[in-house]
Amino acid sequence: MGWIISLIIGGIVGWLASMVMKTDAQMGWIANVLVGVVGSMLGFWIAGALGMAPAGGIMRFVISIVGAVLLIFILRKLGIFR
């Protein structure tokens, strides 16, 4: 059950990040889930490397969105999203 919730939250995070980066029309729901899950991992990895430990659900959600936005930015530079 935990992985289903992770996929749902990953989809929401990816969708919000794609709206921030204005790539929402280019991304389907599978891309949103993938960007959300991988972007969340990227965000938490960077936060850990910087010595930040997110406390609370809202801060974790913000770090997930920031990581997904960063991932979309990187994918744009690589030419995957235009």
Side-chain angles (χ1 to χ4, degrees):
M1 187 71 168
W3 63 274
I4 294 173
I5 293 172
S6 295
L7 292 176
I8 292 169
I9 293 174
I12 293 169
V13 166
W15 175 65
L16 290 172
S18 69
M19 289 181 69
V20 169
M21 295 297 288
K22 309 241 187 308
T23 59
D24 192 38
Q26 301 170 14
M27 297 174 58
W29 65 275
I30 294 174
N32 281 335
V33 171
L34 290 174
V35 166
V37 171
V38 175
S40 294
M41 290 189 296
L42 178 66
F44 281 104
W45 179 74
I46 291 172
L50 295 174
M52 296 170 44
I58 293 175
M59 194 60 187
R60 288 176 178 259
F61 196 68
V62 169
I63 286 182
S64 295
I65 292 173
V66 169
V69 166
L70 180 63
L71 180 62
I72 291 173
F73 176 78
I74 292 169
L75 292 174
R76 267 188 176 174
K77 292 299 178 186
L78 292 174
I80 295 173
F81 290 127
R82 302 223 186 267

Nearest 0.5 angstrom please: Thr23 OG1 to Ile72 CD1, how far?
4.0 Å

Starting from the C-alpha separation in whole Å, work towards a yes-or-no answer on side-chain contact (heavy atoms from CB on, under 4.5 Å) for Leu16 and Phe61.
CA-CA 11 Å; Leu16 290 172; Phe61 196 68; 3.8 Å; yes

Could you walk me through whether Trp45 and Met41 satisfy the side-chain contact (heavy atoms from CB on, under 4.5 Å) test, starting with their C-alpha distance in whole Å, then the side-chain angles of each, then the deciding distance to 0.1 Å, before giving a yes or no?
CA-CA 6 Å; Trp45 179 74; Met41 290 189 296; over 6 Å; no

Let me check something: do Ile5 and Val38 share a hydrophobic cluster, defined by ILVMFWY side-chain heavy atoms less than 4.5 Å apart, either directly or through other members?
yes

Pair Leu70, Ile46 - check side-chain contact (heavy atoms from CB on, under 4.5 Å), show working.
CA-CA 11 Å; Leu70 180 63; Ile46 291 172; 3.4 Å; yes

Do Val62 and Val20 sit in one hydrophobic cluster, given that two such residues count as connected whenever their side-chain heavy atoms are within less than 4.5 Å of each other, even indirectly?
no

Rounding to 0.5 Å, atoms CD1 (Ile9) and CD1 (Ile4) come to a distance of 12.0 Å

Taking the side chain as every heavy atom from C-beta outward, state whether Ile65 and Val69 have any pair of such atoms under 4.5 Å apart.
yes

Drop me the distance from Leu34's CG to Leu75's CG, to the nearest 0.5 angstrom.
10.5 Å

Shared hydrophobic cluster, Met59 / Val66 (ILVMFWY, side-chain heavy atoms < 4.5 Å):
no

Test side-chain contact (heavy atoms from CB on, under 4.5 Å) on Val35 and Ser18; report intermediate values, then the result.
CA-CA 9 Å; Val35 166; Ser18 69; over 6 Å; no

Closest approach of Gly39 to Leu71 (non-hydrogen atoms, all atoms of both residues)
N-CD2, 3.7 Å

Is Leu50 atom CG crowded by more than 12 heavy atoms from other residues, nucleotides or ligands, each under 6.0 Å away?
yes

Any donor and acceptor pair, going by atom type alone, linking the side chain of Arg60 with main-chain N or O of Phe44 inside 3.5 Å?
no

